[in-house]
Amino acid sequence: MQQAEWGGLAETEPQDFDRVLTSMCTEPHPRAREAAERFLATNPGDPGTYQTVAKLEERAVELLGTITGLPEPAGYITSGGTEANIQAVRIARNRADTDDPNVVAPKSAHFSFRKAAELLGVELRTAPVIEHRADVDAMNELVDEDTVALVGVAGSTEYGVVDPIPAIADLANDAGALCHVDAAWGGFYLPFTDFRWHFGHADIDTLTIDPHKVGQAAIPAGGLLARSGDLFDDLAVDTPYLESTSQITLTGTRSGAGVASAVAAIAALWPAGYREQYHRSMDNARWLAQQLRRRGHDVFGPVLPLVTADLSVPMTDELRKRGWRVSKTGSGELRIVCMPHVTRSMLRSFVADLDWY
Ligand SMILES: *Cc1c(COP(=O)(O)O)cnc(C)c1O
């Protein structure tokens with residue numbers, strides 16, 4: 001073996017998920033992994049040439065439409081939630097008639113909207129939240145005639161809460177602005193809850209849902225959906241040297257692995273597998289919240305399978321030293337995301353380490 005030629009890769013294992021409590025990504029489903037490998041050398045960015053994967057992408061969008069209450073969805077598989085959110089803001093900006101566009105979102109909106117605002121020259125106005133949820137009145141106060149979109153989060157990144165999407169959609173309608181829902185993380189849990197969050201529940205225009213998070217597809221597989229194909233018209237760019245004539249995506253060449261693995265994962269898990277996963281993850285999150293409360297911590301959640309608690313900085317540092325991959329919210333709480341790879345026995349040994357401290 002000439003390992004030097006491999007740059008040491010042969011002896012290097014990717015990190016396993018045994019102690020990962022903070023990531024919104026997870027182990028891909030075995031079929032998603034296999035599909036990603038098979039389609040590694042395809043480019044859905046050039047659908048005229050790579051027709052098989054282009055067909056698969058249509059299938060992926062259909063499946064995402066089924067999950068989000070949209071019988072005839074338009075959309076595509078993005079590189080992730082970030083690209084989907086950027087593109088949603090771009091759609092809203094391009095179709096509006098203003099030189100000074102703004103987007104109104106709750107403070108809890110993902111930082112990708114800050115990237116979108118900066119890239120697109122759009123002002124991002126963020127409204128205070130109540131119990132981490134969007135406050136529709138506060139959002140209303142920020143809306144004016146230059147508002148091109150309102151954003152609601154369905155499964156927030158830090159606390160896992162769901163904004164009042166129908167009320168935000170009404171506000172957007174009244175303002176003549178688009179309504180975008182960010183369900184990048186929550187989208188594969190929410191179908192098994194009573195929340196009203198998708199196209200079937202409210203008059204929303206665009207929605208982000210990421211197969212590469214709770215959907216268990218391989219990275220990169222995000223999703224952007226739109227109520228109607230016309231919404232993408234303003235994004236079209238001519239593509240002279242490709243077999244296809246125009247492109248609506250942000251990236252050019254992109255991963256067929258993500259597209260194929262999204263189809264494979266959803267076909268394998270929708271709906272029974274995801275339902276079971278939701279219940280298992282919620283049970284785990286409730287168990288963890290109870291254990292932390294019993295130990296005197298101030299706990300938030302779980303609304304969706306995510307829990308935060310007021311652990312001290314030294315305590316968190318000690319957990320990190322013991323190999324736990326944990327993170328903090330912007331206000332300093334410990335944040336645990338109960339993804340599919342997070343098992344009860346993992347959480348038991350995590351709690352045991354807390355007790356040691
Ligand atoms: C993770 C996340 C994103 C960003 O998605 P990436 O795939 O990391 O680009 C956007 N919004 C929410 C709510 C998220 O949780």
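Counting convention: from 1, in listed order, for ligands and their atoms alike. The model shown is predicted, which means the values in this text are computed figures rather than measured ones.
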### Query
Can you pull the side-chain hydrogen bond (donor to acceptor under 3.5 Å, both in side chains) pairs that have at least one residue in residues 170-183, sequence neighbours excluded?
N85-H180, N85-D182, N173-D203, H180-T206, H180-T208
### Message
Please determine whether any non-hydrogen atom of E83 lies less than 4.0 Å from an atom of ligand 1.
### Response
no
### Task
Please assess H279 against F192 for the test ring-ring contact (aromatic ring centres under 6.0 Å, His included), listing each intermediate value before the final yes or no.
CA-CA 8 Å; H279 288 296; F192 313 107; 7.3 Å; no
#### Entry: Row check, W270 ring normal vs R275 NZ/CZ: under 6.0 Å, within 45°
no
### Query
Looking at CG of D283 and OH of Y278, how far apart are the two atoms once the value is rounded to the nearest 0.5 Å?
9.0 Å
### Query
Short question: side chain of H341, backbone of V20 - any donor-acceptor pair under 3.5 Å?
yes
### Query
Can you find an N/O atom of S79 closer than 3.5 Å to an N/O atom of ligand 1?
no
### Task
Give the atoms of ligand 1, by number and element, whose distance to some non-hydrogen atom of D210 is under 4.0 Å.
5 (O), 6 (P), 7 (O)
### Query
Nearest protein heavy atom to atom 11 (N) of ligand 1, by residue and atom, and its distance?
D182 OD2, 2.6 Å
### Query
Under a 4.0 Å heavy-atom limit, does T208 contact ligand 1 with its side chain, its backbone, both, or neither?
neither
### Message
Checking E27 now: which residues fulfil salt bridge (charged side-chain N to carboxylate O under 4.0 Å, His left out) with it, not counting sequence neighbours?
### Response
R33
### Query
Under 4.0 Å from any heavy atom of A184, which atoms of ligand 1 are there?
2 (C), 3 (C), 10 (C), 11 (N), 12 (C), 14 (C)
### Message
Over 60° means perpendicular and under 30° means parallel, so tell me whether F232 and Y76 are parallel, tilted or perpendicular.
### Response
perpendicular
### Query
Which is closest to atom 1 (C) of ligand 1 by heavy-atom distance: E158, K213, M24, H212?
K213
### Task
Examine distances only and state if a side-chain atom of D135 and a backbone atom of D137 form a donor-acceptor pair shorter than 3.5 Å.
yes
### Task
Give the numbers and elements of all ligand 1 atoms closer than 4.0 Å to a heavy atom of T82.
4 (C), 5 (O), 6 (P), 9 (O)
### Message
Within the 4.0 Å heavy-atom shell around W185, which atoms of ligand 1 are there?
### Response
15 (O)
#### Entry: Numbered atoms and elements of ligand 1 in range of N85, under 4.0 angstrom, heavy atoms
10 (C), 11 (N)
### Shortest protein heavy-atom distance from atom 4 (C) of ligand 1, along with the residue and atom involved
H110 CE1, 3.3 Å
### Query
Taking N or O atoms only and a 3.5 Å limit, does T157 qualify as a polar contact for ligand 1?
yes
#### Entry: Polar atom proximity, G81 to ligand 1 (N or O, under 3.5 Å)
yes
## Note on the structure
ligand 1 to G80, heavy atom cutoff 4.0 Å, flagged ligand atoms 7 (O), 9 (O)
### Query
For the atom pair CG (L347) and CG (L21), what is the distance rounded to the nearest 0.5 Å?
6.5 Å
